[in-house]
Amino acid sequence: MRKILAYIMTIVTQIKLATEEAIQHLFPETDLKSATITINQTKPEFKGDYTVVLFPFVKLLKQKPDAIGKTLGDYLLEKTNLFSEYGIVSGFLNLSIKDEYWAKFLVNHYNDTQYGLKAKEDVRVMVEYSSPNTNKPLHFGHLRNIFLGFAMAEILKANGKQVVKGNLINDRGIHICKSMVAWMRYADGATPEKRGIKGDHLVGDYYVKFNDVYKAEIAELKEKGIDEAQAEKEAPIMKEAQALLRQWEAGDKGVRDLWQMMNSWVYEGFDKSYKRLGVDFDKVYHESDTYLLGKTIVEEGLQKGVLFNKEDGSVWVDLTADGLDQKLLLRGDGTSVYITQDLGTAKLKYEDYKLDQSIYVIADEQNYHMQVLKLILKKLGEPCADGIYHLSYGMVELPTGRMKSREGTVVDADDMMDEMINLAQQQTEEAGKTEGYTAEELKHLYETIGMGALKFYLLRVDPKKKMIFNPQESIDLHGFTATFIQYAHARICSILRKENLPLLPDNRHFQSFRLSLPIATAEKNLVLALEQYPFILEGSAIEYNPSSLCNYSFLVAQLFNTFYDEHSIAKAENEEKKQLRLMMIVMTAEVLRNAMHLLGIRLPEKM
RNA sequence: GGCCCGGUAGCUCAGCUGGAUAGAGCACCAGCCUUCUAAGCUGGGGGUCAUUGGUUCGAAUCCAAUCCGGGUCACCA
C-alpha cells in the first residue's frame with residue numbers, strides 16, 4: 001500500500017501540491033486554481049531540477065514575478081523537506097531537489113518489479129486487433145496493426161485494466177471465394193504440404209491468380225466491343241466467384257468443405273506468423289459466425305422508430321442531423337451489409353465480457369465507418385455504444401504509394417521478419433560479437449534483435465500518422481532503435497555479471513549505503529528520468545499511444561550511455577558511489593525491460 | 001463539394017492540456033577504445049515550426065482563414 005501511494009506522488013505532483021499550499025498560505029485572500037500551476041523540468045542550461053513558472057501568478061497576486069519567486073522559494077525551502085536551494089531566472093523559479101530525495105527514491109525502487117504498474121481495478125476492456133481477411137497472408141500494414149494492438153493491450157493491463165485481446169477474422173465473403181475459384185480452376189489439388197509453403201501464402205497466391213485471370217478476361221471482353229463496366233460484371237471468373245458465394249450462403253456442402261479446408265490452411269499460416277510475432281489472443285471471433293448478427297438490433301430500431309424503411313424494404317438510418325449521411329443497414333432483400341454485422345458483433349462482445357470499453361485497432365480509412373457505428377448504436381440505445389473507441393492508425397505506404405495485395409505490391413510480413421533477422425545476424429557477425437554462444441543462443445539472439453528492431457520501427461511513430469516504408473533501405477539498427485535500448489541493457493547486465501550480482505539484487509547488497517557525496521549531473525539526469533516512468537506509462541494508456549514508451553525508453557538508454565561513459569561503476573571512486581550507481585543501473589535495466597516488455601520487445605543480457 | 005487527419009532540419013520523427021535560446025535519430029564533418037560491451041560517447045554545421053491574421057505578459061502548441069498532401073462520403077468489406 002505504501003508503495004502504491006509513492007507511485008501516485010510523483011515529484012512533480014509533490015511540487016505542485018507544495019506550491020499550491022504555499023500560495024494559499026502566503027496569499028490567503030487569493031483564489032487559486034491548481035490548474036494554473038505549471039511545473040517543468042528545468043532546462044539544462046540553468047541550475048535546478050524542476051521549475052515553477054511564475055507568470056500565471058503575476059496578475060493574481062499583483063506582484064512582479066521575481067518577487068513572487070523569492071517569497072515562494074523561501075517558503076518552500078523552509079516548510080518542505082524537498083529542496084536544497086532555488087534560483088530565479090526571469091520569471092522562472094528553479095528548484096533543486098535534495099540529493100537525499102533521489103537516494104531514497106532509488107533505495108525504495110531500484111529492484112521493484114512492480115514499479116510504475118497500477119493496482120488492478122474492475123474495468124474490462126477488449127482490444128480487437130489484427131482482424132485479417134483469410135484470402136491472403138499478412139503484410140507490413142498488418143504488422144503495424146498487430147504490434148499496436150498487442151502493445152495497447154499490455155499497456156492497459158499495466159495500468160490495472162482487465163484486458164481481453166480479441167481478433168475478428170473475416171473468413172467469409174467474396175474475397176475468399178475468389179481464392180477458391182482460382183484454386184479450383186488452376187491448383188490441380190495443390191496443398192501447402194505438396195507445395196511446401198505456408199497455407200496463407202498458398203491461398204494468397206490463388207487470390208493473385210484470380211485477379212490476373214480476371215484482368216485478362218476483362219481485356220478479352222473489351223476486345224469484343226463490350227464496355228469496361230460491363231466487362232467487369234460479366235467476366236466468367238467473377239461470375240463463378242459470385243455463384244460460389246451464393247452457394248456458400250445457401251450452405252452447399254461441397255463449397256463449405258472447400259472453404260473450410262482453405263481457411264484451415266490460412267489459419268495454420270497465421271498461427272505460425274502470430275507465434276513468431278509473439279502476439280496472442282484471448283478470444284477469436286469469426287465473421288462466418290457473426291455476419292448474421294445485428295438484424296435483430298435493426299428490427300428493434302425499426303420498431304423504436306430510430307430507423308426507417310424505403311420503398312424497396314431496405315432499412316436506413318438518417319444521420320444527417322449529426323453532419324453525416326443516410327446509411328443503409330439492411331438490403332432490400334433483407335441481407336446484411338458490413339455495418340449490420342458490426343452492430344451485432346459490438347453487442348456480442350459487450351455481452352460476452354461485460355465490457356466497459358471496446359477498443360478497435362483499425363486503419364484510419366475506416367474513421368467514418370467507426371464514427372457511424374458508434375453513433376448508430378447510441379441512437380439505438382445500446383449500452384455498448386459509449387465504450388467504443390477507435391484506435392485509428394495511419395496506413396503504411398511504400399514510396400510508390402499504397403500497397404495493393406491485388407497487384408502484388410505488398411511487403412510480406414513473413415519475408416520482412418526473415419529479412420530483419422538476417423540483418424541482425426549479418427551485423428552481429430560484422431561486429432565480431434558471436435563468441436561464446438551456442439548455435440541455438442545465436443539464433444535466439446538474432447531473432448531478439450531483428451524482431452525488436454521491426455516492432456520498434458512500427459511503434460515509435462504516433463499511431464495516427466501514416467508511415468512510408470522504403471524497402472530499399474533496410475531498417476536501421478543504430479540510433480533511435482530497439483537495438484540501442486537492447487545494447488544499453490546488455491551493458492548493464494555485463495556489469496552486474498562481473499560484480500556477481502543478479503539482475504535484481506536484494507537489499508542485503510546495499511545495507512551499508514549512506515549518501516554523503518553530491519550526486520553528479522549525469523547520475524541525476526538518469527535518476528530523474530527513471531522517476532518519470534509511472535507518469536509516462538500512465539500517459540501512454542490515456543493517450544492510447546505506445547510510441548511515448550519508445551521515446552521514453554530511448555531517452556533513458558541515452559542518459560544511461562552518457563552516464564556510463566562518464567562514470568565507472570566497477571571502479572567507482574568509493575563504495576558509496578559504487579552502491580549508488582549499482583542501484584541506478586539495476587533500476588535502469590528493470591525499467592527498460594518493463595517498458596519494452598509491454599511492446600513485446602525482449603532485451604538480451606548479452607549481445 | 002461535405003466531413004476527418006496530417007504539414008517542424010536534406011530524410012525519418014519528438015515536442016502540441018500555451019512558458020526560458022524549438023529537440024532526437026539518420027546522413028555529413030571533427031574528435032574519443034592499454035579502463036565496466038565503440039551496436040557507444042563528445043562536439044560541429046543544418047530551421048520563415050506550410051502561409052496570413054487573431055487571442056496572450058508569452059504561440060510550433062489555442063482560434064480563424066488560406067495553401068499543399070492524404071482519407072472518406074457504396075444495397076464493397
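Letters A, B, ... are given to chains in the order of the sequence lines, protein chains preceding strands, and every chain is numbered from 1.
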Below 3.5 Å, does any donor atom in the side chain of A:Thr42 face an acceptor in the base of B:A20, or the other way round?
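Counting by modelled atom types and ignoring angles, no donor-acceptor contact under 3.5 Å is found here.
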Please determine, for the side chain of [X], which listed nucleotide ([options]) has the closest atom?
X: A:Asp312; options: B:C75, B:A77, B:A38; value: B:C75
X: A:Tyr368; options: B:U72, B:A14, B:U37; value: B:U72
X: A:Glu45; options: B:A20, B:C75, B:U37; value: B:A20
X: A:Lys465; options: B:U35, B:U8, B:C36; value: B:U8
X: A:Met607; options: B:C73, B:A39, B:A14; value: B:A39
X: A:Gln427; options: B:A39, B:C75, B:A24; value: B:A39
X: A:Thr428; options: B:A39, B:A38, B:A24; value: B:A39
X: A:Phe480; options: B:C36, B:G25, B:C5; value: B:G25
X: A:Asp462; options: B:A14, B:G40, B:C4; value: B:A14

Please say which of A:Asn145, A:Asp462, A:Asp364 ends up in a side chain to side chain donor-acceptor pair (under 3.5 Å) with A:Tyr393.
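The residue from A:Asn145, A:Asp462, A:Asp364 that satisfies side chain to side chain donor-acceptor pair (under 3.5 Å) with A:Tyr393 turns out to be A:Asn145.
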Quick test of your reading of the model: are A:Arg593 and A:Glu590 salt-bridged, counting only N-O distances below 4.0 Å?
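Looking at A:Glu590 together with A:Arg593, the answer is yes, because their closest N to O distance falls below 4.0 Å.
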Any ion pair linking A:Glu499 and A:Lys578 (charged N to carboxylate O, less than 4.0 Å)?
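Salt bridge flag = yes for A:Glu499 with A:Lys578.
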Going through the checks in order, is the salt bridge (Lys or Arg N to Asp or Glu O under 4.0 Å) test met by A:Arg581 and A:Glu523?
CA-CA 8 Å; A:Arg581 288 174 190 162; A:Glu523 293 171 332; 2.7 Å; yes
Could you check if the base of B:C33 is syn or anti? Syn means the glycosidic torsion is within 90 degrees of 0.
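You should classify B:C33 as syn.
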For B:U61, which nucleotide in any strand shown is its Watson-Crick or wobble partner with both distances under 3.5 Å?
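B:U61 is paired with nothing.
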My understanding is that a pair needs two contacts under 3.5 Å, Watson-Crick or G-U wobble. By that rule, which nucleotide pairs with B:G6?
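Pair assignment: B:G6 / B:C68.
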Looking only at atom [atom1], what distance separates [N] and [M], rounded to whole Å?
N: B:A9; M: B:C28; atom1: C1'; value: 13 Å
N: B:G18; M: B:A60; atom1: C1'; value: 10 Å
N: B:U34; M: B:C29; atom1: P; value: 24 Å
N: B:A14; M: B:U52; atom1: C1'; value: 27 Å
N: B:U56; M: B:G15; atom1: P; value: 28 Å

Rounded distance (Å) that lies between atom C1' of B:A24 and atom CG of A:Asp476:
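These atoms are roughly 14 Å apart.
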So what does A:Asn170 hit on the nucleic acid, given a heavy-atom distance under 4.0 Å: a base, only sugar-phosphate, or nothing?
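Sugar-phosphate, backbone atoms only, no base.
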Would you call the rings of A:Phe510 and A:Tyr110 parallel, tilted or perpendicular if under 30° counts as parallel and over 60° as perpendicular?
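Answer is perpendicular, since the angle exceeds 60°.
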